[in-house]
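First the structure, in the form of structure tokens, and then the observations on it.
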Amino acid sequence: MAAKNGQTSIEKEQIFGMAEQEMEYRVDLFNRLTKLCFDKCIDKRYKETELNMGENSCIDRCVSKYWQVTNLTGQLLASNRPPM
Amino acid sequence: MDKSMLGDLDSLPEDDKMRMSAMIDQLQIRDSLRMYNSLVERCFSDCVETFRRKSLDKQEEACVRRCAEKFLKHSMRVGMRFAELNQGAATQD
């Protein structure tokens with residue numbers, strides 16, 4: 001694999017690897033979020049196919065809060081890392 | 001999940017762009033299959049309780065339909081909100 005802009009092929013592989021991990025992380029995040037908010041917001045008796053207004057609001061708020069918890073947790077993990 | 005998840009694929013050289021594109025396609029296929037299985041599991045466990053017969057009765061079938069529809073609609077809404085948050089769009093409480 002030819003080097004471009006002084007980048008070695010090893011570095012390039014690393015970048016692709018990181019990009020792939022980042023994408024997989026986002027997909028996993030989305031899937032967990034979807035599952036959790038469904039469990040918390042949707043009535044399991046499935047009385048109808050449409051989402052009612054209450055469910056819609058709940059979903060919006062659940063997603064928002066989940067996002068905040070994600071950011072908060074990320075900050076805490078970054079700051080509490082033990083010194084190497 | 002779609003290609004808009006990545007900021008700017010266009011700025012990459014052609015072969016890198018194709019590689020990223022192939023990576024995304026693969027993730028998408030894997031995710032679709034995973035979603036299929038988990039939806040079946042969910043609707044089965046929420047809708048099927050008895051085993052007097054081999055076939056689903058009318059109620060069970062209707063329940064499964066509503067379950068699947070509802071989950072898909074829910075998933076779309078979550079996707080919209082998630083995309084908004086990713087872009088840093090502020091929404092009201």
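All chains are named by letter (A, B, ...) in the order of the sequence lines, taking the proteins before the strands, and each is independently numbered beginning at 1.
Within the 4.5 angstrom heavy-atom criterion, atoms from both the backbone and the side chain of A:Lys35 approach chain B. For a residue to count as touching a neighbouring chain, one of its non-hydrogen atoms must lie under 4.5 Å from one of that chain's; by this rule B:Cys43 does not touch chain A. Proximity to chain B involves both the backbone and the side chain of A:Asn56, based on heavy atoms less than 4.5 angstrom apart. The parts of A:Glu50 that come within reach of chain B are both its backbone and its side chain, each placing non-hydrogen atoms under 4.5 angstrom from that chain.
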For B:Arg30 and A:Val27: C-alpha separation, side-chain torsions, deciding distance, then whether side-chain contact (heavy atoms from CB on, under 4.5 Å) applies. CA-CA 10 Å; B:Arg30 197 195 308 164; A:Val27 168; over 6 Å; no
Run B:Phe71 and A:Thr34 through side-chain contact (heavy atoms from CB on, under 4.5 Å) and show every step you take. CA-CA 9 Å; B:Phe71 187 85; A:Thr34 303; 3.7 Å; yes
Report the C-alpha separation of A:Phe30 and B:Asp31 in whole Å, then their side-chain angles, then the decisive distance to 0.1 Å, and conclude whether the side-chain contact (heavy atoms from CB on, under 4.5 Å) test is met. CA-CA 11 Å; A:Phe30 180 80; B:Asp31 194 52; 5.7 Å; no
side-chain contact (heavy atoms from CB on, under 4.5 Å) between B:Arg81 and A:Ser64, intermediate numbers included: CA-CA 8 Å; B:Arg81 297 290 168 251; A:Ser64 173; over 6 Å; no
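As a member of the Ile/Leu/Val/Met/Phe/Trp/Tyr network built from side-chain separations under 4.5 Å, A:Ile15 groups with nothing else and remains a singleton.
Tracing side-chain contacts under 4.5 Å through hydrophobic residues (I, L, V, M, F, W, Y), one never reaches B:Val64 starting from A:Leu51; they form parts of separate clusters. Under the 4.5 Å side-chain heavy-atom criterion for grouping Ile, Leu, Val, Met, Phe, Trp and Tyr, A:Leu77 is not connected to A:Leu29 through any hydrophobic cluster. No continuous path of ILVMFWY side-chain contacts below 4.5 Å connects B:Met18 to A:Phe16, so the two sit in separate hydrophobic clusters. Cluster annotation: B:Leu12 and B:Ile24 are assigned to the same hydrophobic cluster (Ile/Leu/Val/Met/Phe/Trp/Tyr, side-chain heavy-atom contacts under 4.5 Å, transitive). Using a 4.5 Å cut-off between side-chain heavy atoms of Ile, Leu, Val, Met, Phe, Trp and Tyr, with links allowed through other members, A:Leu36 and A:Leu33 fall into the same hydrophobic cluster.
A salt bridge links A:Lys12 with B:Asp16; the closest basic N to acidic carboxylate O contact falls under 4.0 Å. A salt bridge does not link B:Lys70 to A:Asp43: none of the charged nitrogens lies less than 4.0 Å from a carboxylate oxygen.
Here B:Arg66 is the residue among B:Arg66, B:Arg65, B:Arg34 with the most heavy-atom pairs under 4.5 Å with chain A. Comparing B:Met80, B:Arg77, B:Glu69, B:Met35 by heavy-atom pairs within less than 4.5 Å of chain A, the highest count is held by B:Arg77.
A:Lys44 NZ: more than 12 foreign heavy atoms inside a 6.0 Å radius. More than 12 heavy atoms of other shown residues, nucleotides or ligands fall within 6.0 angstrom of atom CG in B:Leu33. Counting non-hydrogen atoms of other residues, nucleotides and ligands closer than 6.0 Å to NZ of A:Lys65 gives a total of 12 or fewer.
When side chains are defined from C-beta on, B:Asn86 counts as touching A:Arg26, because their heavy atoms get closer than 4.5 Å. Put simply, the side chain of A:Met23 does not reach to within 4.5 Å of the side chain of B:Gln26, judged on heavy atoms. Side-chain atoms of A:Phe38 and B:Val78, non-hydrogen and from C-beta on, never get closer than 4.5 Å to each other.
Side-chain atoms of B:His74 do not come within 3.5 Å of backbone N or O of A:Ile42 as any donor-acceptor pair.
In this structure, the separation between SG on B:Cys63 and OH on A:Tyr46 is 7.0 Å, given to the nearest 0.5 Å.
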